[in-house]
Amino acid sequence: MTATAQELSALIAAGRMSVAAMEKDPHAPTEALELLRSVLADYDRALARLHEQGGRMSRPPQDSS
């Protein structure tokens, strides 16, 4: 998937809004809610790692031989 930062931001925001709505709905499918929470948690962990690295993706060391 290719997405701009703005598109990804909109998708994540929509996911968070969906979780909030599903948490209030007693008929919301539990599996769907758990899956969406998992996807958002993965995104949050990846974002935290990116911030820990100063906003840059880490690259493997270059072989100098």
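Note that the structure is a prediction, hence the values are computed from the model and not measured.
Between the Ser38 side chain and the Glu34 main chain, no donor and acceptor come within less than 3.5 Å of each other.
Under the side chain to side chain donor-acceptor pair (under 3.5 Å) criterion, the residue pairs touching residues 19-32 are Glu23-Arg37, with sequence neighbours excluded. Residue pairs meeting the salt bridge (Lys or Arg N to Asp or Glu O under 4.0 Å) criterion with at least one member in residues 7-21, sequence neighbours excluded, are Arg16-Asp44.
Remark: Ala41 engages Arg45 in a side chain to side chain contact (heavy atoms under 4.5 Å, CB included) (not counting sequence neighbours). With sequence neighbours left out, Met1 forms a side chain to side chain contact (heavy atoms under 4.5 Å, CB included) with Ala3, Leu11.
Other members of the cluster containing Leu36 are Leu8, Ile12, Val19, Met22, Leu33, Leu40, Tyr43, Leu47, with ILVMFWY side chains joined at under 4.5 Å, either directly or via other members.
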